[in-house]
Amino acid sequence: MRLLSLRIAHFRGVDERALTFRAQGVTVIEGANETGKSSLAEALDLLLDELDSTKKKKVLDVQPVDRDAGPEVEAEIESGPYRFTYRKRFLRKPETVLRVTAPRAENLTGRAAHERVRRILEETMDLDLWRALRVRQGVGLEANALDRAPSLLRALDAAAGQETAGDRELDLFERVHQEYLRYYTDTGKERAPLKEAAAALTHAREECERVRLELDALERDIERSEQLETRVTALRGEREAGETRLREHEGELARLEKTQEQVAAMRMQATAADASVTAARREQQLRDDRREAAEAAAQRLARLEREAARDRPALAEAEREAAQADALLAESDAGATAAEARYDRAGLDFKFRHYELDLKKMRARRDAVRADRERRQTARDFLAGTKLDADKHAALRRAHLELERLRARHEAQGARLRAEALDDVTLRMDGTGLPFAKGETIDEAVDGERTLELPGILRVTFRGGAGAAELGDAVERQAQQFTALLREAGVASLDEADTVLQQRAAAELTIETCDQQIRQNLDDLTYEDLVGRIEGLETYVENYLAERGDELPVPADYDSAKRANSEAREARESAVAALATARGRQTTAQERLATLRGRLNEAAVELKVAVRDREECERVLAMERERRPDGQVAQELAQAHTKASETRHRFEEAQRTLAERRPDSVRELALNARKVADRAARELRETENERHALLGRLEVRGSEGLFDREQDAQTRRTRAERQLASVEARAGAARRLYETMHAQREEARRAYAAPLREKIEELGRYVFEADFEVELDPELRVARRTLHGRTLPIESLSGGAREQIALITQLAAALLVDPADGVPVILDDALGYTDPGRLEGLGALLSHAGRDAQILVLTCSPGRFRHVGEAEVIRL
Amino acid sequence: MILPSVRFLHTADWQLGMRRHFLGEEALPRFQQARIDAIRSLGRLARAERCAFLVVAGDVFESNQIDRTTLRRAVEALREVELPVYLLPGNHDPLDAATIFTAEHFADAPNVHVLDGIVEVMPGVDLVGVPWPNKRPRRDLVADAIRALEPAPQRLRIVVGHGMVDTLSPDRNDPARIALAPMQQAIDDGHVHFVALGDRHSFTEVAPRIYYAGAPEPTDYDEEASGTALIAEIDATRCEVSRHDVGTWTFRRTAHALDSGEDVAALADELAALPAKERTILKLSFEGALSLADRARLDATLDQARETFAAVEIWSRHTDLVVRPDAADLADLDLSGFARTTLEALDAAGDTEALALLYRLARPEATA
């Protein structure tokens, strides 16, 4: 198809606009926004797709708001052998007019015109391709899948050297797919027909099994019924036999019971005879017992009397011993008390002599302390009266040393006056007459000025220099200072200072020595404590002697007191030990005495009882012998023995005879026979009951038509099996067909996608670099792009790159199809994201594509398509 | 004294209540009703042939547990027979604790009697009924019954038994097989004058005076001579037997070689020519190779047959039919591209079913 011209009127904001396009090559339509550029593409769609009578929103949207006129579109189109002008007016006075000029003239209006154009287009162009080859700004590749466009597929097939798969094949594939979807989902899961058939079969099988179980139960009941019948017959026989046996055993049992009664009577006779024997024996025994008791009482009495005679001397001896032990104990007790008193006094004496000694020592310590305290006080008084100390002494020494040093310098450096009398002479010195004998010398330092005059003859004046004068002053000052220090220290000279310092050191030593001795003598006491103690001891010592009394003298000294104390302690211990021994002996004697006395008392009581016993026994024995002599008692016992022996023998004979007839066994047999008969009767009753119940149940079961239910269930199962097999066969066929066809189609696609990919890469190199490559997905969309050796998914590319690849893809598709099948490529405000650097390449690409296709470019940016060399430009 | 003569109808294996799973919901009731109707047909035949009574040698019912509606219908049909009818319990309907042969069930048909031992049906004529006491008797009941017979030179005796005669049964381990020799001996000795047997559904003369009557309506494909009844007239010296075809249904099993459209057409013609289609049950097996188009035609033929016949079964165990697209198929389909390669791939894999589906989807108009 080629769009030759397009005119719109009353279309959105556009009153009227008519455009003519190049049938081949690029036409660029430039216009600012709102100039109706996009309306052109929109208008063409409305013209081709919508009836003039339509009231669809997309038509209502294009009606101008300010005019009461219907939107109008007219196009001149060339498609295959056809060339026609086609016009529609919508909404107001709707109208469709078609004028076909080739291959032969036709004029149609209204619905007929619309239908005719539809037919022409369907016959001559590829509507899918037409829609696919539209690029609008911001709409990427994904919106325009190409794989449904038959023209493109034909072209691709041809390019791949394959047979064409056309609409029929695509429709067939769709039907195959639909058939597959009847049984499976696209993810391969089973759908209702398969699931339901399988479920129906499961259900039918379960039903079969249920009925089968019921029938099995019925069969078992029938078999059971037969068994029960057999059992009833057997049980009747058993019952009969049991009753017969019972009658026999019961007859024998009755006879036996009579015999048993007789035996029982004999047993009673034997028992009575035994009782007589027992009575006679008891009589004999009693008589024997009486006799023995009388003898025993006599013997016991004799024994007791012997024992009493033996114990009496022992008691007297024991009493004597006890008295001796008491006396010894009293004596030991007195000894111990006296020893205790002696020991107490010896202890007190020892303490007295000890305190006395302490008192003497403490008095000595007190006197030493007192002397030391006085010496220390004298030394302290000396120190308090002395001004000189070690510091002052040192200062004196330093001042003296300095004075000596200054004098020496003065003498060495100052002028000296030295004269020697050669003869006796009187001189005048410094105005004072001075006798000067022969051989005398004068040697003096000269400070300031001195005069030596031989009166009348000569006056010599010596004058020292300035330095000598100053030194002389310094000596003077130092001498004054030294004198001041001596005064301050309270001494007249340095030698005295040395002596005083030595005395001071001696006084300090004395103080220290006294302190130490006082501390030693006081030990841990204060002086007052010491004095207090001395007073306490003095009081004790005076009082002790006054209070002690003097029956015995106090030991002479500490050592004898100590010795006396030790001796008294040993004497006391001996006395205490003797006392313990005496006490033990006394206790033993008392115990022995008590024992002997108790025994004698008891023996006396026993003796009394024994006397009474013997008397009583003898009295009773005599009385009984009088009643029945001993001989008679013995005779009666012998007779009873004989009778009992005979009676028991008869009884045992009868009992043995009875046992031989085994009465227990007969009784058991009879009992058992009754049980057998009862059990057989009971079992018979139960079996008959069970059989009747079973027959009743069978009758009910029989009327339930179980056979028919089983047959019904089996029929349903068979049908379900067949149904499932049939559905599975159909589903399997559908699946295999679909899978095979799908695989074949994929393979074909892979083959024919190659030419498209190659075309895209060829065109792409106008825009991108020479290594530009792409990969296509099954929908023939670009999935990945490779550039500079890097492969990226299309989604991660920039908007500009994606837009360019979309455009290249559409152009590649347009160029691949047969020119006879071709449709215009309409680019609506495309390449808005493309940078200027690429626009040049795209211009060349569009120029190139324009040689084989009609390309209409709608743009609001005139500059964007400046690089399309062979374009015709229309400015709105 | 001369023994009496008697004329009676011998039948067996009515199998009332029988079902066949391959019958559809429409055909099954008709199939079952045909068995009830057969009772009336036999009654009419017996009356027309001046029979004294009818004897049914076992398997009167398919089961003791059949639906009571079937039982009541059968009793009604039996009542209409008017002549005395002697029913023998067989292996399908044994005289066990759940037996269907109770007095109350047959109260409405006083002409019906259940055979259990010896019964005098006419002066001097005894039926010796040998019913199955349960489903597994484990012994030759007929031999036992014959052995127990007292010599009775003045009576005509007809033994009625059920089971397979040992000379016909391949199962040597079956203890319930009926030994032929004692029967023949009894006949030779003049103790027994006829043995009326049931169990084998085809009319069979086992030996002189020993017969299977056959089932009055067929029950399966491998019955050679079912749909029959037997009328016997006997006395001490004579035994005249006639076979009567009374069946109305047909079981038909055929094999077909299909290698061309012509073969399919011949099959269609053959089926079209069959009579009484609504009472005919088919089991077909095929061998050969067909084109896609012929296979579609075969499917259409079978679909049509299913509408007219009582049932059409494909005997898959014996069917080996491949589908090979031929040039005409390919021309018909006119497929190209991936569709054509799909066809070739399926053909190479021998996937008959997928090919047929492809054919149907590609040419909906051809298979519609």
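None of the values given here were measured: they were computed from a predicted structure. Throughout, a chain's letter reflects where its sequence line sits, starting with A, and its residues are numbered from 1.
For P94(B), no part lies near chain A; criterion is any non-hydrogen pair under 4.5 Å. For a residue to count as touching a neighbouring chain, one of its non-hydrogen atoms must lie under 4.5 Å from one of that chain's; by this rule A734(A) touches chain B with backbone and side chain alike. Contact annotation for E746(A): neither backbone nor side-chain heavy atoms come within less than 4.5 Å of a heavy atom of chain B. No part of E344(B) comes within reach of chain A, as not one of its non-hydrogen atoms sits under 4.5 angstrom from that chain. Heavy atoms closer than 4.5 Å to chain A are found in the side chain of D351(B), but not in its backbone. For E179(A), the part lying near chain B is the side chain, with the backbone staying farther off; criterion is any non-hydrogen pair under 4.5 Å.
A 6.0 Å sphere centred on CD of Q304(B) holds no more than 12 heavy atoms belonging to other residues, nucleotides or ligands. The number of heavy atoms from other shown groups lying within 6.0 Å of CZ (R20(B)) is above 12. Counting non-hydrogen atoms of other residues, nucleotides and ligands closer than 6.0 Å to NE2 of H318(B) gives a total above 12.
The shortest non-hydrogen separation linking Q711(A) to H21(B) is O-CE1, 3.5 Å. Contact detail for L23(B) and R719(A): the closest heavy-atom pair is O-NH2, 2.8 Å.
Of all the listed residues (R709(A), E704(A), R730(A), R722(A)), the one sharing the greatest number of non-hydrogen pairs under 4.5 Å with chain B is R722(A). Taking chain A as the reference chain and counting heavy-atom pairs below 4.5 Å, the highest number among D96(B), I66(B), L28(B) is found for I66(B). Comparing V176(A), L215(A), D712(A), L694(A) by how many heavy-atom pairs each has under 4.5 Å with chain B, the most go to D712(A). In terms of heavy-atom pairs under 4.5 angstrom with chain B, the leader among L706(A), D708(A), L172(A), T740(A) is D708(A). Per-residue heavy-atom pair counts under 4.5 Å with chain B were compared for L695(A), L698(A), I222(A), T718(A), and the maximum is reached by I222(A). The candidate with the highest count of non-hydrogen atom pairs below 4.5 Å against chain A, out of L71(B), L357(B), T352(B), is L357(B).
Here the options are E739(A), E169(A), Q744(A), the test is side chain to side chain contact (heavy atoms under 4.5 Å, CB included), and the partner is T342(B); only Q744(A) passes.
Under 4.0 Å is where a charged nitrogen must lie from a carboxylate oxygen, and between E710(A) and R19(B) no such pair does.
If you take CZ on R735(A) and CD on E353(B), they are separated by 13.0 Å, rounding to the nearest 0.5 Å. The distance from atom CE of M741(A) to atom CZ of F338(B), rounded to the nearest 0.5 Å, is 6.0 Å. Taking CG of L361(B) as the reference point, atom NE2 of H177(A) lies at 13.0 Å (rounded to 0.5 Å).
Not counting sequence neighbours, N689(A) has no partner by the side-chain contact (heavy atoms from CB on, under 4.5 Å) test. Residues that satisfy the ring pair (Phe, Tyr, Trp, His ring centres under 6.0 Å) test with F61(B), not counting sequence neighbours, are F101(B).
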Discussion item. Show, in sequence, the C-alpha distance, side-chain angles and deciding distance for E104(B) and E699(A), and conclude whether the side chain to side chain contact (heavy atoms under 4.5 Å, CB included) test is met.
Written reply: CA-CA 11 Å; E104(B) 55 182 302; E699(A) 200 175 330; 3.4 Å; yes
